[in-house]
Colleague: 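Below you will find the structure I want to go over with you.
Quick caveat: nothing in here was measured; it's all calculated off a predicted structure.
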Amino acid sequence: MLITLKNGNTEMVLSTLGAEPQSLKRDGIEYIWCGDKEYWFRHAPLLFPMIGPTPEDSIAYKGKQYAMPNNGFARDVEFQVVSQSENSATFVLEDSEESRAKNYPFGFKLTATYTLREDGYDAKAEIYAKDDLYYTFGWHPAFSLDMNGKGCALDTYKVTFDTAERVNRDYAVGNIFQTEKDFLVGDVINMSRTETDKGALILRDVKSSKVTLTSSQGPHGVTATMGRMNVLTLWTCAPKHGQYLCIEPMLSFGDKTRTMNIDQMQQTTFLAKGNTEVYENSFSIF
């Protein structure tokens, strides 16, 4: 089911499948990737309870193995709409007998709220633990490079950080991360297909509170806040070159070298039964 939000000249379309934004238009300009299946069929999924591949595409807990898709299962499950107004919608996903048996042996409640502003949207995730549990979380919005004109090249774009950084870059080779030391020293990454063809740009220990995507070929762009997250991933498909770039604030990003045991993974966050963690990020358009 699709839900449409409106705020002035800005319109957002959300799907109950994965609680995923499908479209974000302002003054007729589309900012979210269209989901062309030739390149990447998604638009802006949320990632829970895993990010990245796991050994044997599985996790384990107390001696039992569970299937875990790359980037978790929440993005492929129907959420329930629990509230809706002209400019806001709240979605909920809770554990089920099937999810506990098949994918994730914990009781949880994941609430995602999107609030549309005239200049973008706020995304809020609340994770409630019905049991002691382990998880990671992130946003994965894909922004259309065509916001600055059809066919606007990725190489005309740059990502600017609001704080000077000194960070390494991880990229996956056969689902195993390789590290490029001091990939970013300063506050600007000039995007290029040469780099994105290597795989995602995974940047850890980011200090900036926000990052901004702009192009030399037009006035339009996107600013994303990091919130409580300090891993930023920049990704687009390869070797096919889709007209989008994902800007992904996340808690962590692991590869297949990590342990299968979820309670021993360095990349997971522990949440005690009865507690809630909240993550709030904004994506502003101009």
Colleague: Please report the closest heavy-atom contact between Tyr121 and Pro21, naming both atoms and the distance.
Modeller: OH-CG, 4.5 Å
Colleague: Establish whether Ile127 and Phe73 are linked, either directly or via other cluster members, by ILVMFWY side-chain heavy-atom contacts under 4.5 Å.
Modeller: yes
Colleague: What residues form a side-chain contact (heavy atoms from CB on, under 4.5 Å) with Asp76, not counting sequence neighbours?
Modeller: Arg42
Colleague: Do you see a donor-acceptor pair shorter than 3.5 Å between the side chains of Thr90 and Ser83?
Modeller: yes
Colleague: Residues in side-chain contact (heavy atoms from CB on, under 4.5 Å) with Ser192, at least two apart?
Modeller: Asp155, Thr194, Glu195
Colleague: How would you list, by chain and number, every residue that makes a side-chain contact (heavy atoms from CB on, under 4.5 Å) with Glu94, sequence neighbours excluded?
Modeller: Val92, Lys109, Lys130
Colleague: Looking at residues at least two apart in the chain, or sitting in another chain, which of them share a side-chain contact (heavy atoms from CB on, under 4.5 Å) with Gln267?
Modeller: Ser252, Arg258, Met265
Colleague: Can you name the residues that form a salt bridge (charged side-chain N to carboxylate O under 4.0 Å, His left out) with Glu165, not counting sequence neighbours?
Modeller: none
Colleague: Checking Tyr39 now: which residues fulfil ring pair (Phe, Tyr, Trp, His ring centres under 6.0 Å) with it, not counting sequence neighbours?
Modeller: none
Colleague: Hey, quick one: are Leu154 and Ile32 part of the same hydrophobic cluster, counting side-chain heavy atoms closer than 4.5 Å, chains of contacts allowed?
Modeller: yes
Colleague: Going by the rule salt bridge (charged side-chain N to carboxylate O under 4.0 Å, His left out), which residues pair with Glu277 if we only count those two or more places apart in sequence or in a different chain?
Modeller: Arg228
Colleague: Which residues pass the salt bridge (charged side-chain N to carboxylate O under 4.0 Å, His left out) test with Asp119, not counting sequence neighbours?
Modeller: Arg117
Colleague: Would you please name every residue forming a ring pair (Phe, Tyr, Trp, His ring centres under 6.0 Å) with His220, sequence neighbours left out?
Modeller: none
Colleague: Applying ring-ring contact (aromatic ring centres under 6.0 Å, His included), which residue pairs with at least one partner in residues 5-34 are found, sequence neighbours left out?
Modeller: Trp33-Tyr244
Colleague: Please list all pairs passing the ring-ring contact (aromatic ring centres under 6.0 Å, His included) test where one or both residues lie in residues 148-180, with sequence neighbours left out.
Modeller: Phe177-Phe253
Colleague: Can you list the residues that meet the salt bridge (charged side-chain N to carboxylate O under 4.0 Å, His left out) rule with Glu11, with sequence neighbours excluded?
Modeller: Lys6
